[in-house]
Structure formats: structure tokens, C-alpha cells
Colleague: 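Here's a structure for you.
In this text the structure is predicted, and so the values were computed from the model without any measurement.
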Amino acid sequence: MAMEASGSLSCFAPFLSPPIKCRQSCLISLRQRSFVTKQNRKHLTSTKAAKPWTCRFGMLKSTEQLQRKNCFPVVSEDFFPEEVIELSGSGTEELPLDLDGNVDDEGVSPTVSYEQSEGSGGKPGFVSFYSLQSAKENVVPSPSVKKNQNSLLWFAGPAVLVASFILPSLYLRRIISLIFEDSLLTDFLILFFTEALFYCGVAVFLLIHFLWSPGNKVPATSSYGKLTTQMGHRISSVAILMLSLIIPMVTMGFVWPWTGPAASAALAPYLVGIVVQFAFEQYAKYTKSPSWPVIPVVFQVYRLHQLNRAAQLVTALSFTVRGAEMTAHNLAINNSLGTLLSVLQILGLICIWSLSSFLMSIFLSNTSAESLGDSYWLLRIKSSFVDPDNALSNWSSATSICSWNGLTCSLDQAHVIGMNLSSSGLSGVISPDFSHLSSLQTLDLSMNSLSGPIPGELGQLENLRELLLYTNSLSGKIPHELGFLPKLEVLRIGDNLLSGEIPKSIGNLTELKVLGISYCLLNGSVPSEIGNLKNLESLDLQQNALTSPIPSEIGGCEKLQIFAASNNMLQGDIPASIGKLHSLQVLNLANNSFSGKIPTELGSLQELNYLNLLGNRLSGAIPSELNLLSQLQKLDLSGNNLSGSLNLFTSKMKNLEVLVLSDNHLAGDIPASFCMNDSKLQMFSLARNGFSGKFPLELLSCFSLKQLDLSDNKFLGELPSEIDKLAYLTDLYLNNNSFSGKLPPEIGNLSNLKFLSLYGNGITGEIPAEIGKLNKLSVIYLYDNHMSGNIPKELTNCTSLTEIDFFGNHFSGSIPDTIGMLKNLILLHLRQNELSGKIPPSLGDCAKLEMLALADNKLSGSIPSTFSSLSELSLITLYNNSLEGPLPESLFLLKNLKIINLSHNKLNGSIYPLTGSTSLTVLDLTNNSFSGSIPSRLALSKNLIRVRLAGNTLTGNIPLEFSLLKELIFLDLSSNSLSGELAVSLSNSTKLEHLMLNDNQFSGKFPAWLGSLKGLGELDLSSNDFSGTIPKELGNCSALLKLSLHTNKLSGQIPPELGNLSSLNVLNLQGNNLSGNIPSEIQHLQKLFELRLSDNFLTGEIPDELEQLTELQVILDLSHNQLSGEIPQSLGNLMKLERLNLSNNRLQGRVPSSLGKLSSLHRLDLSHNLLQGKLPSAFSSFPVSAFVGNKRLCGAPLVSCSSSSRKWLPKGEVIAIIVAIVFTSAVICLLMIYIMLRIWTVWRQVSVSNNDGFGNENKGQDEEKWVCYGDEKKKGGYCKMNSKNMTPSPDNQLKK
């Protein structure tokens, strides 16, 4: 079994896509819970693998070449994975760790190499913590079995059972007789309580029996199955049960008319006893109680007592009846009692038969199990496995079991004592029949594909010492029966799918030395019973979901050497009792939620060589007591909330090799005596803290340093020229500080340097030519500085370079012509500099190049045809240069291209050479001079998500093959000469978010299918020849932010459904033939900040609802329409509005004063309307042109209203004056009519009064007032009035 050690790796892989400006490092670390997968572990631990592996500074390497991941190791929180947590056995020499992974004078390092270790029989054996085979003897001496000390329970159980049987008969009658006088009631209560008390006694007896039963005497929980396998016993049991139930019930029904209560008193307890027995047996089976064989015996014996008691009752009744007069009724009663007595005798025989049958079945089953032998059970076990690799092919009854693959026999060849089927490719389940291999001492089924639960029957293997089931797919809970294995020393069941809590019965395994249950799904807390394991040497709980604090009882594991509980959810303080574990060598509590301070008691762990507390919430200062850990080799306290200064000294911790304190709140200075000449420190990280000041010169005394990380602090000043004292340095991380000045030439003396990261500083000057001496340099990151000058040609002497990133500097001149010497180059990033000249053709010699970013420079010339040799190229960004000419046809050979950005250059010709790769995801050729049609082959890149071809002279239609681009998100074909109708094939691109086809020659009706693109956020079809109406389906694009359809030939009304676009920011429909009113539903576009509806034929009034568009800011343009009515006062609520254009309409009335409150308004146009009246004073600063064409407007900036030749009243005032005049005229007319009527009435009254004064004297005169002709008076004809009598004389008037 090969050892595995996983290191924390900090990988810096900047993302180079041009639209992304983020230059942060991508930290991939086990601090972020990045773990080795099960498949990788199986691969590394496979005995079939013959490839030697080594790990140098966190990177796995083999004899075959591996791709470099540019990794910076920290310290593994999985320092001892599930397959490695083993202790050195007796006679194993403890060897020191060698960080270099090489064999030193004392031995081999366990953490830096992966070696094949063969166990017995070609199977993985024991691998010690120090990579040496543990010494094993064939026969392991059995530890002494502890005797049962609970002798009191042995006496208490039978005493309780006997007392429940005897005491009711002695005292129950006396007690009940004192309470009740009715003898019949008393008898029934005595019967009831007698039965109840006995059953309670049975329950207490069984409980005591369960508590007394020792772990090594647990009967087989599968014995139920053993009994049922015997056909005779099965038939007998069913027959007895049926007879025991049917006979009493039939008898009671038959004799009830004559015996009545007597039959109930005789048979009812018997039937109740059967039901109670069944309940006890089912409960015992459910709980897997070891007391289950006792239940049938107790109940059958008691049932005989019940029958005897019933027989006595029936006999007494029979004698009583015989002494009475023998009537027919008494004779029937006597016969019934005789029948009842016979039935009781039959039931007694059935009880005796049942008891003897049960005892015989147990005896025979145990005898047969012992006589079958191990071969029988092994073949049954084989049948539960699936063996595709034929690892069990020689398991046959024709050969001796001692020759079977993976088995080890006892010295007398009689029993199997060991089974090692590790890495045998087995699947299936673990058979419960393992419980019959009573001599088994070692069981190893690790690294297979077994599933199902771990059978509890394994708890019966009393001699088992090693149980290895790790790296399978076992599920379910950990059976508590495993706590009944008194001799168990090694239990490793991790790397499975086990769930639930850790059983408390684990604390019973007092001989246990190794407990490995990592990489599972366990939850709950760590049981305090773990402190009972006085012999425990290795405890691995990594990668589970354990919660709660670590119990303080952990201090009871006095022999513990390895304690790994990383990657859980443990919380609370780290218990100070850990300081009692004086044998502890490894303590890994990384990636939990521990809080509080680091306990000072850790300083007493003198044997500790590995301490990992990263990724917790620890606070306070680093305790100085840690300096007492003289054997400590690796210390990782990163990713906490530690504060204060650095108070650790390698002069005291003389064996310290790795010190990681990154991601804390440490500050201050590094102690002057931090490093001494004999320091062994090889890796030191203070990244992401608060250290400041100049480069700490104290570190220059750490001559053995190989990896130094001071990144993301506040260091400043120049880098010291003495930095070349760190001659062994391989990785230098000084990024994201404030270092300034020039890069010292002495850096070229660091001959072992592989990784140089100085980005994110203020370094100036040129790159020293001495850097060309770094033959081992693999990665150089200088981006985001202020460096200038030419890129030295000497840099191309660093032939090991794989990554160059000089982004965001001021480098000038040309790219070195000798760049092709860097045969291993994978990344070349020179974006945002001032490089000029042509791209060197030798760049095509960098055959391993994957990412090329030369954008934002001053490069000219054409793209070299030698690029066709860059077969691994996946990203090329050359935008914002002055490249020209056609694309080389040879670019078609680049089959791995995924991202292409050549925008903002002067390239021309066809884009077909870029369609050779079918893996394209991004293609951006914006603002060039490409011509011709869009190649249909482009659609073969089905993973395209972004296509930008705007600003070229492309012609033709959109290819129908674009229907294949179902992942397309961004499509920009604007500012070309494309034509034809918009193909419905684009409707297949359901993920489309940006569709820009403006400034082309597309025609036809506006496509309604655009409404099916639910995720569309930007739609720009402006400046084309689309016709027809705006489809209401556009209202379904609820995610739309911009809708621009201006300068087309659209007609009809604006659909009200556009009001559903609640996220819309921009709506531009100007320059069409739209008509009708502005829909009031537009008020729902409350996120709108730009609204353009000008140059249409819109009519009606401006809706008052526009006041709801409170986010309107850029412009409200309703000009060049046929809008009428007044300007709404409510427009004064648009407080963010900057531009308002209502010109060239038929608006009337006065300009609302509320518009003067628009403080953000800086451009206004109300010209060419029918507005009148005085302008608000706030508009005096606007030009005259904003108001021309309104003849009745006055006030600044127009002519003064007082100097106007004619004063025009507002429409409202005119209406009011007209109403007032009409009303006054009407009143006067009514008054005149009233006066005339009044005068006439007075006249009539005067006339009548005069006539009455003359009396009869004037009668003749009165008759002469009317002169009629002929018969006309009768017929109503015309009568001539005598006018002289119509007017009274003035005299009469005066008299009156």
C-alpha cells in the first residue's frame, strides 16, 4: 500500500480574458477544502501501479513528465490521509522528515515520497507513519480478558423473577381482601395482579440480564435466522402456535354456557401470556437484545404453572359440582369441567413439546454451526461478493482453505485467522456470515467497491484485532456492536459513505491503538468515551461533519501519537487537556470553527513535530510557549484571527522547517534573532497580514530558506541587494505590497529560483539583464508595476520559463526576436504596455504556448503565418493595436482556439481562417475592415457564447446554421452591410441576452419570435428597414433593459404590452411611422431613464402617468409628433430629468410653472407649438431657440410681456370673462323682462279699477267695446276692438 501525502497548494493562475481586468491570484489550497478524491487515492495506493511518485514542495511528479501547475505549497491539513494513518510497530526506527524528498543519512521522508510497500501475499500490509513495514508476528498474543465484576447483578436477576412469582401468592390476597369484600371481585383482581406483577418481574429480569451480559458473550443476532433455516423446527413452531391459540378459544366457546367465568379464569391468563411473550420476543429482536433465548424458556415454564393453577381450579369446581344434586344442568357443568380439564392437560403437553423443541433447536444449531467448519462459511461469504477480477477464483471446496487467495490459517491449519482482500476489485455487500469465522484476527476488505451497511454481526468476532474496511462505498451507521470486540487494536473504516454519530460503544475497545473514520459523512459530537481508549495511538476523524467541542476527556488517551480532526465543523476552545498527550507527534485540527486562544499547554508536547491549526477562528497572540516545541518541524497557524507580533524563534525551534502564518492580523517587526545560522527553516509565509516597513533584513539570515512569501502586506522601499544571500531560494512571493525602486541585479544570483512573483507593487526601471542567468526560472509575474524600458533579450535565456506576465507596465520597444527560444512557454501576457514593432515570427516556435495576450500596445504589421505552429493555443488577444493585412490562411490549423479577440485593429479580408477550431467560445473582431459573408462553418463551434463582428463591411445574410448556437449569449453584428430578413433560426438561441443588429440593411416585418427570448436584456435593431407593427410578444421579454428600434419603417400603435417590461432602462422608438396615443401603461416602466418617441405620428395628449417615471434622467423626447393639449403639470415630478424635448407638436396653453423646479434640466426644447403666456422665470437661462414658433409666449429669454403690442389673456381667463359677460347679460335681460311685466300688471290693475268706478252708467259703453260682424261672434270669428275705450283718460288716472 503506497503512502499518500497531500500538500496545500497555492496556485496562481491569472485569468487573461481581455474584458476582465481583475489580476487577483487564484488561491487553490487545501485550506479551502480541496481534497484528494477517492479515485485519486485509489490510484495512488493501487498495488498494480508501478510508476514511482515523488512530491517536491507540494507538486506530485513521476518519472514521466507532468504538466507544471505553478503551485506554492503551504502545509497539508491532510498530512496523514486515511490510507497513511498507521503507527510504527515495535522495532520500527523513527526517521526524521526530509522536505526535499530525498534519502538522507537517517532514512526516508514519509511526507515527500510515494513508495510501493508490499504486504504479505502481495496485498497491502501495515505501513508505518515513517514508511517502514511494521514488524508483525504470525500469532498476536491475546490480551487478558477482564472478568465480570457485576456479581451482584447475577444474584439480582433471578431474585427479582422469583419474587414476582412468589410474593403475589403470599400477600396479594390479604391486601386486596382488606379493600374489597366481594369474593368474586377479589378473585379476579388477584388473578389480574398476579399476572401483571409476574410480567413486570420478567421485564426487570431481562433488563438485568442484558446489562449483565458481557460484550464477549453476545449471542448471534442472526440466530433467529439459524432457527428458521431448519424446516422441521419451522413447521413445529407454526403448528404449536396455531394449536396454542385455537384450542383454548374453541374450548372457551364450547364450555362457556355451563362454566362461564370458570373457563375465563382458567384459559384467559394462558392466552394473555402468549400475546405478552410475542411482544417481548419482537422487542428483543428489534433491539437485538442478547436476552432473546431466555424469553421462550421463562414463558413456557410459567405457562406450565398457569395450566397447573387452572387445573387445580377446575378440579375444585368439579368436586363441588359432584357434591351437589345431580340435575341435568349440573351434569352438563360436570361434563364441561371434565372437558376443560382434558384441554388443560393437552395444553400442558403442547408447552412441554414447545420447550423441548426450542432447547433442541438451539443445541442443534450451535452444534451444526460448529461442525460446518470455516470453508462452508467462506463459500457463503464469497457468494455475497461480486468478483469481476476473479480474485476469489481459487476459493473452492476442492482445495484447502489455507491455499485460498488472501487467507492466512492458524498454525494447526484448522481455522482462518487472517483475510486480506484489499484492492481486489470486489463489489457487493459484506456478509453477516463473517460472524462464524470465530478465529479471525485480521479482516482487510479495504479499497474495493463494497456497498451496503457494515453488518453488526462482526461484533461477534471475539478474536478480531484488525478491521480494515476503508475506501469502499459502505453506508449506514457505524454499528454499535463493533464496541463488543474486546481484542480489537486497529479499526479503519473511513473513506466511505457512513453517516450518523460515532457510537459511544467505541469507548469499550480498551485495546484499540488505531482508529480511522475519516472521509465519511459522520455528524454529531466526538463521544467523551473516547477518553477510555488508554492504548490509542492514532485517531483520524478528518473530513466529516462533526460538531461541538472536542471533549476534554481526550486527555485520557495518554499514548496518542497522531490526532487528526481537520475539515469538520468542530467548535469551541481547543481543550487544554491536549497538553497531557505527551506522546503526541501530529496534531491536525485545520479547517474547523475553533475559537478562543491557542492553549499555552501545547508547549508541553515535547514530541510534537507537526501542528496544523489553519482555517479556524483562533484569536489573540501566538503563545510564546510554542518556542518550547523543539521537535516541531511544521507549524501552520494561517487563516485565523491571530494578532500581535511575531514572537517565534527558529533559534529555539531548531527543527522547524515550515512556518505558515498567513491570513491573520499579525503586525510589527520580525525579531532580530528570528533566524540563526543553524536554522533549518525552508518555507516561511507571512502573506495577507499587516506587516509594514522595509524588507525585513532579518530574513536574510535564514540561509536555508527555499520558499518565502511576504505577499499582501504593507512592505515598502527597495528590495535589498543582499537578497542573493538566500542562495537556496526557489519561490519568492513579494506581490501586493508597496515596494518601489529598481529590481536589484543581484536577483540574477538566485540560481535556484523557479517562481518570482512581484506583481502589484510600485517597482520602476528596467528588468536587469542579469535575470537571464536564472536557468531554472519557470514563472515570472511583474504585472501591475511601473517598470519601463525594453524587455531584455537575456530573458529568453531562461529556457525553463513557462509563464511570463508583464501586464500593466510601461515596457516599450519590440518583443525580443529570440522569444522563440522559450520552448516551454505556456503563458505570454504583455497587455497594456507600450510595445511597438511587429510580432516576431519566432513566437511560432513556442509550440507549447496556450495563452497569448498582446493587446493594448502599439504593435503593427501583420499576424505572422508561423502562428500555425501554435497547436496548443487556446487564447489569443491582440485587440487595440495597429495590426493590418489579411489573416494568414494557416490560422485555420489552430484547432484548440477557444477565445479570439482581434478587435480595434486594421485587419481586412475574410474571417474564414479563424473558423478552423470547433471549440470557440468567444470571437471578437469588432472595428476592423473584414469583408465578405459570415462563414456558416462558424456555427460548428456549438459552445460559442460571444460573437462580436461589429464595425466591419460584412455582407449577406445571417447563416441559417446559427440555429446550432444554443449556448449563444452575446451577438453583435452591428454596423455592417448585412441584409435580408431576420432568420427565425436565431430563436433556438434561447440563452441570448444581447442582440445588436443595428446599422445594417435588414428588411421585412418585425419578427414576433423575438418575444420567445425570455432572457433577452438588450435588443437593438435600429437603423434598418424593418416594417409592420411592433409585436405585442415583446412584452414577454421581462428581462429586457434596452429596446432600440429607431430609424425603421414601423407603423401602428405602440403596444400596451411594453408596459410589462418593468426592468427596461432605455426605450427608443423614434424615426418610425408610429401613430395613436402614447399608452398609459408606459407608467409601469419605473426604471426607465431614457425615453425617445420623436419623429412619429403620435396624437392625443401627453399622459399624466408619465410622472411615475421618476428615474427618467437622460432624456424625454416626444418631438416631431402631433401631440395636442397642454403640457401636464405632473412632468414637474421628473426631478432627475436632464433633457426635455417637446418641440414640433400642437401643444397649447401655458408652460407649467412646475417645469421650473427641474433642477437637473440643462436642455429644453418647446419650440414650434401653440404655447402662450409668460414663461417661468427659471427658463430665462435657456436659449431663445428653445421657445421659437410659439407666437403667444413672452418673458425671458423672449420679449417682455409688458412691451408686447397686444396682451393675450390665458384661455382660462378668457373663458371666465365670457362666462361673466353672458351671466351679466342674462341677469340684465331677466331684470328688464321683470320690470316690463310689472308695469303691465300695474296698468291692468289701474284699468280695471277705472271701469268699476262708473257703475251701470257706462254699461252701454262697455257693450260697445267689441263690435262683431254677423255671426262671427258666435263662431269665434274676428271681432274689431273699439280702441277708444282701451285707454283710460288722464283724468281718470289722476282720480284713481
Side-chain angles (χ1 to χ4, degrees), residues 1-6 30 33-49 53 60 76 78-87 110 114-119 121-129 131 384-389 391-392 406 418-431 434 442-455 458 466-479 482 490-499 502 514-522 538-545 562 564 566-567:
M1 180 177 62
M3 291 191 61
E4 175 186 318
S6 56
L30 285 179
R33 299 175 183 256
S34 176
F35 306 106
V36 181
T37 63
K38 179 185 294 187
Q39 289 79 6
N40 290 338
R41 286 196 296 272
K42 289 183 178 180
H43 174 71
L44 291 176
T45 56
S46 174
T47 57
K48 298 179 181 179
W53 291 82
L60 283 176
S76 168
D78 299 321
F79 186 65
F80 299 99
E82 177 63 42
E83 293 84 344
V84 183
I85 305 292
E86 288 285 356
L87 300 177
Y114 297 91
E115 301 290 344
Q116 293 282 18
S117 177
E118 298 296 333
K123 296 295 180 181
F126 285 102
V127 179
S128 75
F129 176 72
S131 295
S384 66
F385 290 145
V386 178
D387 182 20
D389 297 339
L392 309 180
M419 180 184 295
N420 188 347
L421 297 177
S422 175
S423 301
S424 298
L426 300 176
S427 58
V429 298
I430 299 176
S431 173
F434 272 102
T442 301
L443 176 58
D444 188 354
L445 301 177
S446 61
M447 292 184 288
N448 284 290
S449 300
L450 301 175
S451 58
I454 298 176
L458 294 182
E466 299 172 12
L467 178 58
L468 309 176
L469 304 177
Y470 62 87
T471 314
N472 280 286
S473 298
L474 301 174
S475 58
K477 296 183 178 181
I478 299 176
L482 294 185
V490 178
L491 176 60
R492 296 181 58 198
I493 54 177
D495 197 11
N496 279 290
L497 304 175
L498 300 174
S499 58
I502 301 174
V514 177
L515 176 58
I517 48 178
S518 62
Y519 293 93
C520 291
L521 306 174
L522 301 175
S538 174
L539 176 59
D540 187 5
L541 307 176
Q542 297 182 97
Q543 189 59 32
N544 282 288
I562 298 174
S566 62
N567 300 299

Colleague: Working to the nearest 0.5 Å, report the span between OG of S518 and CG of L541.
Modeller: 8.0 Å
Colleague: How far does CG of N448 sit from OG of S423, to the nearest 0.5 angstrom?
Modeller: 6.5 Å
Colleague: Where is the tightest heavy-atom contact between G494 and C520, given as atom of each residue plus distance?
Modeller: CA-SG, 3.8 Å
Colleague: At what distance, to the nearest 0.5 angstrom, does CG of L458 lie from CG of L482?
Modeller: 6.5 Å
Colleague: Taking all heavy atoms of L474 and all of N496, pick out the closest pair and write down the distance.
Modeller: N-OD1, 3.0 Å
Colleague: How long is the straight-line distance from CD1 of I493 back to CG of L522, given to the nearest 0.5 Å?
Modeller: 7.5 Å
Colleague: Sequence neighbours excluded, which residues qualify as side-chain hydrogen bond (donor to acceptor under 3.5 Å, both in side chains) partners of S451?
Modeller: none
Colleague: State, with a plain yes or no, whether a side-chain heavy atom of L426 is found less than 4.5 Å away from one of L450.
Modeller: yes
Colleague: How many angstroms lie between CG in L515 and CZ in R492, if you round to the nearest 0.5 Å?
Modeller: 10.5 Å
Colleague: Does the side chain of I517 come within less than 4.5 Å of L498's, by heavy atoms?
Modeller: no
Colleague: Hey, what do you get for CG (N544) to OH (Y519), rounding to the nearest 0.5 Å?
Modeller: 10.0 Å
Colleague: Who passes side-chain contact (heavy atoms from CB on, under 4.5 Å) against S475, sequence neighbours left out?
Modeller: L497
Colleague: Just by distance, no angles: are the side chains of N420 and S422 close enough, under 3.5 Å, to form a donor-acceptor pair?
Modeller: no
Colleague: How close do S446 and N472 get, heavy atom to heavy atom, and via which atoms?
Modeller: CA-ND2, 3.8 Å
Colleague: Test L421 against every option in L443, D387, L445, D444 by the side chain to side chain contact (heavy atoms under 4.5 Å, CB included) rule and name the one that passes.
Modeller: L445
